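Report on the structure given below.
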Amino acid sequence: MKILVVGSGGREHALAWKIAASPRVEKVYAAPGNAGMCSVAECLPIRSDDIDAVVKFAVDNGIGLVVVGPEVPLVGGMVDALSLAGIKAFGPTAKAAVLEGSKIFAKEIMTKCGVPTAAYRSFDQPEEAAAWVELVGAPLVIKADGLAAGKGVIIARTSADAHRAIDDILIKSVFGSAGRRLLVEEMLDGEEASLMAFCDGENVVLMDAAQDYKRVSDGDAGPNTGGMGCYSPVAPVTPLIREMALENVFRPVIAEMASMGVPFKGVLYAGLMLTADGPMVLEFNVRFGDPETQVILPRMEGDLVDVMEACVDGRLDQVELKWSERKAVSVVMASGGYPAAYSTGYPITGLEDAAKLDDVVVFHAGTAMADGSIVTAGGRVLNVTALGDSFCGATARAYEAVNAISFKDAHWRSDIAKRAIDREVTDER
Ligand code: AMP
Ligand code: GLY
């Protein structure tokens, strides 16, 4: 079977890597892929949001399954277009992808199903939003309704912050049409975790949890990024919390979508806040998390292609996932300046040395080939991932690999998985 992976980040490299390991797969293609993905896939000069070109390639080349990584083509209807052309595609339809494409829609569904989430109001008029802020007071969280590449959420610690965010979104339109409406949300407190589930429109199979480090600097300082590192599993996501999330979040939302005539197939990702009252949903994504996937797939046993096909065909009730007991840690190496402006095109050295280390796999996130060598081509450049029998061991191994690699102005966090290591040390006492 031939499989096409759509996207070019670390998530897609991890997907292509796991898919290529399936004995059922004869060839993997990537649209457009990156320099690292070339070792497991043939990279095509097709952009990840070019729906027509992806459909044409899939039809012309007998692709058995297309796996769509990023949210933009999902919300844009790539899965709908592929299905219409008779091609199997993994991911939700455009209508189902609205769970990520509109935060207000997601909130409305959650309210309808009684899913625990922060109290909220939605607004399209700046005066009304501002009056609400005055009434309830800070701290608050202000969110642009639509897709804003992870930048549309503002934590407003003061009323002034909240007013500024409302002005930016509704008046200055800094997020364009994604900010025609916004949410004003209660601020929740607790530890965050990412929980993803395979869905076939009716059945739900949870994956193990992961924890993402969103802030750019150590100690969770500095601005938000797409994610600077990740680890899995997450001890605070206990079997009880998983059961609560399954029964109170995933099952009701999937059932509600089905009853609306919009069955959800693919991966549903819930960003959770683990509060004293149980897990509460911060956001839904309609795809694999990035960088969560880079620590989840190395721990997943069995054939990912079988699971994806079961989702598309509505046979997920026959699937049971198995997870390695090992711990996975991924450290993001980013371009100097990221998440603000950065330069690209710098040669990357040491990749072969890193790859020689046991239990290390370097997923490429923003790389390209130039004159026969691998160069930086994005904000997040590499996801250096390691497995180990403990978080202490996996983390040491990941940083050993990071230290073997270099490119101009590279930066990374040095405290990825520290929380998990601290818990290990406490447990040993
Ligand atoms: P989102 O894209 O909605 O997950 O928001 C990005 C980040 O903002 C989350 O990972 C949280 O750290 C934070 N966040 C979002 N909503 C809330 C909330 N209601 N309370 C506290 N933090 C939040
Ligand atoms: N890691 C957060 C996301 O994938 O949106």
Side-chain angles (χ1 to χ4, degrees), residues 7 9-12 14-15 68-72 74-75 97 99-107 110 115-122 136 138-157 161-162 165 169 175 178-179 182-196 207 209-216 220-232 234 249 266-277 279-297 330 332 339 363 365 379-380 383 416:
R11 165 184 51 208
E12 286 77 20
L15 284 166
V68 185
E71 62 275 18
V72 170
L74 289 168
V75 171
L99 267 180
E100 176 168 357
S102 167
K103 290 182 192 290
I104 295 176
F105 174 83
K107 279 289 198 187
M110 285 192 259
V115 172
T117 187
Y120 78 102
R121 287 280 182 111
S122 63
V136 294
L140 291 165
V141 182
I142 315 288
K143 300 183 175 181
D145 178 45
L147 293 183
K151 300 194 177 91
V153 175
I154 296 104
I155 307 291
R157 301 209 176 271
D161 292 343
I169 296 172
F175 301 118
L182 57 71
L183 285 172
V184 180
E185 246 182 55
E186 161 202 18
M187 182 140 128
L188 300 175
D189 206 24
E191 186 164 349
E192 281 182 54
S194 310
L195 194 55
M196 301 188 278
M207 297 183 220
Q211 195 169 61
D212 183 11
Y213 286 74
K214 289 202 163 79
R215 301 297 195 92
V216 72
D220 291 331
N224 260 321
T225 67
M228 291 298 288
C230 220
Y231 69 86
S232 174
V234 183
V249 178
V267 169
L268 183 60
Y269 163 132
L272 299 177
M273 188 71 94
L274 307 178
T275 73
D277 299 326
M280 295 179 78
V281 175
L282 296 175
E283 65 163 342
F284 283 128
N285 293 320
V286 298
R287 48 166 176 82
F288 282 99
D290 188 349
E292 284 86 345
T293 307
Q294 292 87 305
V295 289
I296 291 286
L297 293 184
S330 185
V332 173
F363 295 119
R380 289 186 293 171
N383 306 143
I416 302 302

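Quick caveat: nothing in here was measured; it's all calculated off a predicted structure. Counting starts at 1 for both ligands and their atoms, in listed order.
- At a heavy-atom distance under 4.0 Å, no atom of Asn224 approaches ligand 1.
- The pair Glu185-Lys107 meets the salt-bridge criterion, since a charged nitrogen lies less than 4.0 angstrom from a carboxylate oxygen.
- Defined by atom type and a distance below 3.5 Å, a donor-acceptor pair is present between the side-chain atoms of Ser194 and Glu292.
- Using a 4.0 Å cut-off to heavy atoms of Lys143, the atoms of ligand 1 that qualify are 3 (O), 15 (C), 16 (N).
- A donor-acceptor distance shorter than 3.5 angstrom exists from the side chain of Arg215 to the backbone of Gly222, with no hydrogens or angles considered.
- Within the listing of ligand 1, atoms 21 (C), 22 (N) sit less than 4.0 angstrom from a heavy atom of Met273.
- Put simply, the side chain of Leu282 does not reach to within 4.5 Å of the side chain of Val153, judged on heavy atoms.
- Of all the atoms in ligand 1, the ones that sit under 4.0 Å from a non-hydrogen atom of Lys103 are 2 (O), 3 (O).
- Contact annotation: for Leu188 versus ligand 1, heavy atoms closer than 4.0 Å belong to both the backbone and the side chain.
- Where the criterion is an N or O separation shorter than 3.5 Å, residue side chain and backbone included, Ala118 fails it with respect to ligand 1.
- At a heavy-atom distance under 4.0 Å, atoms from both the backbone and the side chain of Leu282 approach ligand 1.
- Glu283 OE1, 3.2 Å is the protein heavy atom nearest to atom 2 (O) of ligand 1.
- With Ser122 as reference, Leu183 is the one residue of Leu182, Leu183, Val184, Asp145 to meet the side chain to side chain contact (heavy atoms under 4.5 Å, CB included) rule.
- Where the criterion is an N or O separation shorter than 3.5 Å, residue side chain and backbone included, Glu185 meets it with respect to ligand 1.
- Atom 11 (C) of ligand 1 has as its closest protein heavy atom Glu192 OE2, 3.0 Å.
- Among protein residues, Asp212, Tyr269, Asn285, Arg287, Gly289, Asp290, Pro291, Glu292 come within 4.0 Å of ligand 2, judged on heavy atoms.
- Annotation: salt bridge (Lys or Arg N to Asp or Glu O under 4.0 Å) contacts of Arg287 (sequence neighbours excluded): Glu71, Glu100.
- The shortest distance between side-chain heavy atoms of Pro339 and Asn224 does not fall below 4.5 Å.
- Close approach of ligand 1 to Lys214 is summarised as follows: ligand atoms under 4.0 Å from at least one heavy atom of the residue are 10 (O).
- Side-chain contact between Met110 and Phe284 is present, with heavy atoms from C-beta onward closer than 4.5 Å.
- For the pair Tyr269 and Thr293, the minimum side-chain heavy-atom distance is 4.5 Å or more.
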